[in-house]
Number of protein chains: 2
Amino acid sequence: MKVPSAAISRLVTYLRILEELEAKGIHRTSSEQLAEEAQVTAFQVRKDLSYFGSYGTRGVGYTVPVLKRELRHILGLNRKWGLCIVGMGRLGSALADYPGFGESFELRGFFDIDPEKIGRKVGSGVVEHLDLLPVRVPGRIEIALLTVPREEAQGAADLLVAAGIKGILNFAPVVLEVPKEVPVENVDFLAGLTRLSFFILNPKWREEMME
Amino acid sequence: MKVPSAAISRLVTYLRILEELEAKGIHRTSSEQLAEEAQVTAFQVRKDLSYFGSYGTRGVGYTVPVLKRELRHILGLNRKWGLCIVGMGRLGSALADYPGFGESFELRGFFDIDPEKIGRKVGSGVVEHLDLLPVRVPGRIEIALLTVPREEAQGAADLLVAAGIKGILNFAPVVLEVPKEVPVENVDFLAGLTRLSFFILNPKWREEMME
DNA sequence: TGATGTGAAAGCCTTCACAGCT
DNA sequence: AGCTGTGAAGGCTTTCACATCA
């Protein structure tokens, strides 16, 4: 069975909603309620879950802690991932201090090439030279947050891949070239800003649109 | 004609590639070359452009500055957008100092509710109280970068909408509820991190996948 | 009875082949 | 001759209706 990649993004949303429901002390929910909170249809919720299994009770609904546990399992959040930050500029430093990584993600390395920055204390550690990647990554760090300037992103990605990184969260506004077994997720706020620009100017773009 | 929303994201990519080509002094290009750089097919490039018009020359290709100008026009980057940042924590402050907004986007306001932060100088301005949104937004600010904590995002979004904001770039990990005429783009690095977690654990997820 | 789980239909996006220009 | 532009085919994702089961 083929799972649409958009479904994975929605599972993340459902999980967040379940955590909110749990915080509110709500124990039982339904595809209807999840759908409303996630702004999708109930059909979509049930189909997304059905790609991975059956987690509800017919005629009743879903038990919040059960579905939450299952989603965490599906998404791989029931284990601990080692992270590193590559590029300790403004964004990298802000991320190093970010308190919201949760149980599943742990910052374990901070890298740059600027001698000014190396040795500086950030977040829970110390900035090291990029050359140390091959020593620090294997067995300890699976995912890199890539926060270097645009021009340096591809070079840094190459070093990360050579060091054995398993996935890259790319904040630079470029399309990275990496082996297909290394997944890349892009976090591109400038692209988002530009899409907004387009959508504001084309409010009816979802309807007819002939030039 | 219906334009797929993914096409808009790709246009942003094509524009960046054109800017790089221009910086390298390359004057002419082709759907083939753009496709390679963007990691899509040449069919896709031509189809994406065809939604908006005909910008190339058959038998020849595209002229870099021409296509660049046309894409900037389509995306609404040939005008200046006023931005504000709502939530002057670590991320908001990093964005206030960001030098890469370019010609088309200008930071014109910085807001928070924390008395500690109000009056502080950031980037090109001073932090003001959120209550001033209705005074500052109309006619000057079209897009808000929403960088408040998760719990406060919906409330802040409501204030922005009431003040007449035209679009929201949401950095908080929540699904915002806004009137459908106000577009929202999400910049959600935690979701990206979670998708990476899934993709690393499911390298063959694109193929068969039975539970 | 009532909400889930799912095969099938509908709809949308991508791929393709080739017509159309220069 | 060659690359763009595009209608149509193909494939994937979403929607739907209903069978299923507590």
Side-chain angles (χ1 to χ4, degrees), chain A residues 1-14 17-18 21 26-64 66-68 70-71 74 195 205-211, chain B residues 1-11 13-14 17-18 21 26-64 66-68 70-71 74 195 204-211:
Chain A
M1 191 198 309
K2 176 79 174 57
V3 183
S5 105
I8 310 303
S9 299
R10 287 190 297 263
L11 292 187
V12 178
T13 303
Y14 305 152
I17 293 164
L18 289 167
L21 291 175
I26 296 171
H27 191 71
R28 177 165 295 164
T29 185
S30 64
S31 59
E32 193 77 45
Q33 180 172 32
L34 291 170
E36 175 162 353
E37 298 281 335
Q39 293 177 27
V40 299
T41 66
F43 299 126
Q44 184 80 79
V45 173
R46 297 204 298 275
K47 176 62 86 178
D48 287 342
L49 296 177
S50 81
Y51 290 128
F52 297 94
S54 302
Y55 307 114
T57 309
R58 290 170 197 239
V60 179
Y62 303 93
T63 310
V64 171
V66 171
L67 188 53
K68 183 186 139 190
E70 295 296 338
L71 286 181
I74 293 165
R195 285 192 300 267
W205 85 299
R206 48 178 65 200
E207 303 163 38
E208 214 85 35
M209 192 181 207
M210 28 204 58
E211 35 98 331
Chain B
M1 191 198 312
K2 176 79 175 57
V3 183
S5 103
I8 310 302
S9 299
R10 287 190 296 264
L11 292 187
T13 303
Y14 305 152
I17 292 165
L18 289 167
L21 291 176
I26 296 171
H27 191 71
R28 177 164 294 166
T29 185
S30 63
S31 58
E32 193 77 46
Q33 180 172 31
L34 291 170
E36 175 161 353
E37 298 282 332
Q39 293 178 26
V40 298
T41 66
F43 298 127
Q44 184 80 78
V45 173
R46 297 204 298 275
K47 175 63 84 178
D48 288 341
L49 296 176
S50 81
Y51 290 126
F52 298 94
S54 302
Y55 308 114
T57 309
R58 291 170 196 235
V60 178
Y62 303 94
T63 309
V64 171
V66 171
L67 188 52
K68 183 186 138 189
E70 295 296 338
L71 287 180
I74 293 165
R195 286 192 299 269
K204 306 211 163 193
W205 84 300
R206 47 178 66 200
E207 303 164 39
E208 214 86 36
M209 192 180 208
M210 27 205 59
E211 35 98 335

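Just the heavy atoms: all of them, side chains too, but no hydrogens, waters or symmetry mates, feed the values below. We name chains A, B, ... by the order of the sequence lines, and we start the count at 1 in each one.
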Where B:A35 and B:A42 come nearest, the two heavy atoms and their spacing: CB-N, 3.4 Å
Check: B:Q44 main-chain N/O paired with B:T41 side-chain donor or acceptor under 3.5 Å: yes
A:Q33 atom CD, neighbour heavy-atom count above 12 within 6.0 Å: yes
Nearest-angstrom distance from the residue atom CZ of B:R28 to C1' of D:dC3: 11 Å
Check nucleotides 6-8 of chain D against the protein and report each pair of N or O atoms closer than 3.5 Å, with its distance, or say if there are none.
{"unit_1": "D:dG7", "atom_1": "N7", "unit_2": "B:K47", "atom_2": "NZ", "d": "3.4"}
{"unit_1": "D:dG7", "atom_1": "O6", "unit_2": "B:K47", "atom_2": "NZ", "d": "3.0"}

Residue pair A:T13 / A:A38: nearest heavy atoms and the distance that separates them: CG2-CB, 3.9 Å
Value in whole Å for how far the C1' atom of D:dC12 lies from CD of B:Q44: 14 Å
Distance test, side-chain N/O of A:Y62 to OP1/OP2 of C:dG5, below 4.0 Å: yes
Atom-to-atom span, OH of B:Y55 to P of C:dG20 - whole angstrom: 21 Å
Phosphate OP1/OP2 of C:dT22: any B:T57 side-chain N/O under 4.0 Å: no
Most 5' of A:S5 and B:S31 on DNA chain D, judged by nearest nucleotide: B:S31
Nearest heavy-atom neighbours spanning B:F52 and B:Y55: O-OH, 2.9 Å
Protein-nucleotide distance (B:D48, atom CG; D:dT4, atom P), rounded to Å: 14 Å
Protein-nucleotide distance (A:L67, atom CG; C:dA3, atom C1'), rounded to Å: 14 Å
A:T63 side-chain N/O to A:V66 backbone N/O, donor-acceptor pair under 3.5 Å: no
Gap between atoms NZ and C1', on A:K2 and D:dG11 respectively (whole Å): 10 Å
5'-most by nearest nucleotide on DNA chain D - A:T41 or A:G59: A:T41
Taking every non-hydrogen atom, the tightest pair across A:V64 and A:L18: CG1-O, 3.6 Å
Value in whole Å for how far the C1' atom of C:dT15 lies from CZ of B:R10: 12 Å
